[in-house]
2 protein chains.
Amino acid sequence: MIEGSNAATSTGDKLLLAAIDLMASKGYKGVTTQEIAAAAGLSEKTLFRHFGSKQNLLETAFDRFHYAEEMTRLFNEKLVWELETDLLLISRTYHEIMNRNRKMIMISVKEADHLPGFRERTIKHPKQFIEILTRYFMEMTAQGKLIETNAQMQAYSFISMNYGVFLNDLAGGEHFPNLTVEEFIMESVGTFVRGLARQAYC
Amino acid sequence: MIEGSNAATSTGDKLLLAAIDLMASKGYKGVTTQEIAAAAGLSEKTLFRHFGSKQNLLETAFDRFHYAEEMTRLFNEKLVWELETDLLLISRTYHEIMNRNRKMIMISVKEADHLPGFRERTIKHPKQFIEILTRYFMEMTAQGKLIETNAQMQAYSFISMNYGVFLNDLAGGEHFPNLTVEEFIMESVGTFVRGLARQAYC
DNA sequence: ATCGACTGTCAGTACTGACTGACATTTAAG
DNA sequence: CTTAAATGTCAGTCAGTACTGACAGTCGAT
């Protein structure tokens, strides 16, 4: 039977998922091939038969489970050019994507060295978000709906704010209980709307 | 001669600084005691004579070079209860403190496991900032200078935004050139001022 | 000159962890 | 049942690494 054609989780995927899970919490060097195999319910030997080396296991995991890049189009279709609505959509989409890939992000934060081009691909999304949001702000300003500002910097601020909150949640969300992400999104979007929209709420 | 009484950098400190430097970039397990000693211009043996173990080297480094906790007082004296001025001060102070300790922060991000209570102490400052800022927002609201909002969440948003920007700068600031921290501070503070102040700029 | 604190050198120990080879066992397909 | 592919077992290699002991050199102070 050829790799990947199994209906249930295939042997290879079990190993990849276990690797992602453990590396995310303990780091590449902090986890052993034995641990990974055990977590996958397989023998260490099988791990090496499939991937040849620990390094290759990490690379394969990254290639296989890194989020795809279908986001740009999604946006241009869903934006309605009303600041509050759109910022809420963007914020929520951002957190959704980041959360779906939080383990890979954790790994790439800890293991920036182990792979060339690793980090680059991981921050590709944040970068895309900023670009999209920058163009959005510029267009909104052109339409007279926003005051004149440095669009790129505003986009950068907005995304960074969401990034900061995401990381807090990630690396021990227990540090700030009674602060939920959804609540944060609503408050922060409110502030940005009042701070950027022309003649709102005064 | 007793440890620490030297005018120039003492042997112990050389080792501690080298350790911080290397662990920040390569992680605790990614660096060897040999490397650390070599970077400090000393022999491995000396390292062990001073610290006994690699683990103790990390702990000592953390205790010795972790930023102190003299911040709260500083604030209460410097705040002038004018939103823009104060937010600028807070933002700049935050980045100054974080930058002064960026290597320790890097380590604590990568090595959350290796020490109990490690992470807790590292995020103590962000937490303090949020508490201070929360009280500040509440007081400002009471004075009628701010609109009614969820003070804690606003503080959380503001600090998270600065945290996100700081981390970007840290882990490869080359990703977003033409975006300086100072510019960011001015733009973002502007937005928050317009978003929170009562009857401003309309 | 000598003493003492500090550091260097070097050989070596003990352990860990990635990785392999030989052989047995399972499992599904024909 | 037979076969082949996948997996398990187990013993073992090899390199790296934290850490030690014995001995020698340096250097400043008295």
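So that the names make sense, note that chain A is the first sequence line, chain B the second, and so on, each numbered from 1. The structure displayed is predicted, hence computed values, not measured ones. Excluded from the calculations below are hydrogen atoms, water molecules and symmetry mates; all remaining heavy atoms, backbone and side chain alike, are included.
In this structure, CG of A/L42 is placed 20 Å from P of D/dA5, rounded to the nearest angstrom. To the nearest angstrom, P of C/dT20 lies 15 Å from CD of A/Q34. Protein atom NZ of B/K14 is 14 Å distant from nucleotide atom P of C/dC6, rounded to whole Å. Atom-to-atom, CD1 of B/I36 to P of D/dT17 comes out at 12 Å; the value is rounded to the nearest Å. Protein atom CZ of A/F51 is 15 Å distant from nucleotide atom P of C/dA18, rounded to whole Å. Between the CG atom of A/L58 and the C1' atom of C/dC19 there is a distance of 17 Å, given to the nearest Å. Here C/dG17 presents its P atom at 14 Å from OH of A/Y28, a figure rounded to the nearest Å. Following rounding to the nearest Å, B/L47 (CG) and D/dA18 (P) show an atom-to-atom distance of 9 Å.
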Verdict with supporting geometry, B/T191 and A/Q154, side chain to side chain donor-acceptor pair (under 3.5 Å): CA-CA 8 Å; B/T191 303; A/Q154 294 293 347; 2.9 Å; yes
Show the numbers, then the answer: is there a salt bridge (Lys or Arg N to Asp or Glu O under 4.0 Å) between B/K78 and B/D86? CA-CA 8 Å; B/K78 285 198 174 176; B/D86 290 338; over 6 Å; no
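The phosphate of D/dT7 has OP1 or OP2 within less than 4.0 Å of a side-chain N or O from A/H50.
Note that A/K110 lies outside the cation-pi zone of A/Y28, set by a 6.0 Å cut-off to the ring centre and a 45° limit from the axis.
The side-chain heavy atoms of A/L89 and A/T85, taken from C-beta on, include no pair separated by under 4.5 Å.
Each of C/dG17, D/dT7, C/dT7 was ranked by its minimum atom distance to the side chain of B/T46; first place goes to C/dT7.
Side-chain contact, A/Q152 with A/T134: no donor N or O sits under 3.5 Å from an acceptor N or O.
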Please write out the pairs of protein N or O atoms and N or O atoms of nucleotides 19-25 of chain D separated by less than 3.5 Å, giving the distance to one decimal.
{"unit_1": "D/dC19", "atom_1": "OP2", "unit_2": "B/K54", "atom_2": "N", "d": "2.6"}
{"unit_1": "D/dG21", "atom_1": "N7", "unit_2": "B/K45", "atom_2": "NZ", "d": "2.7"}

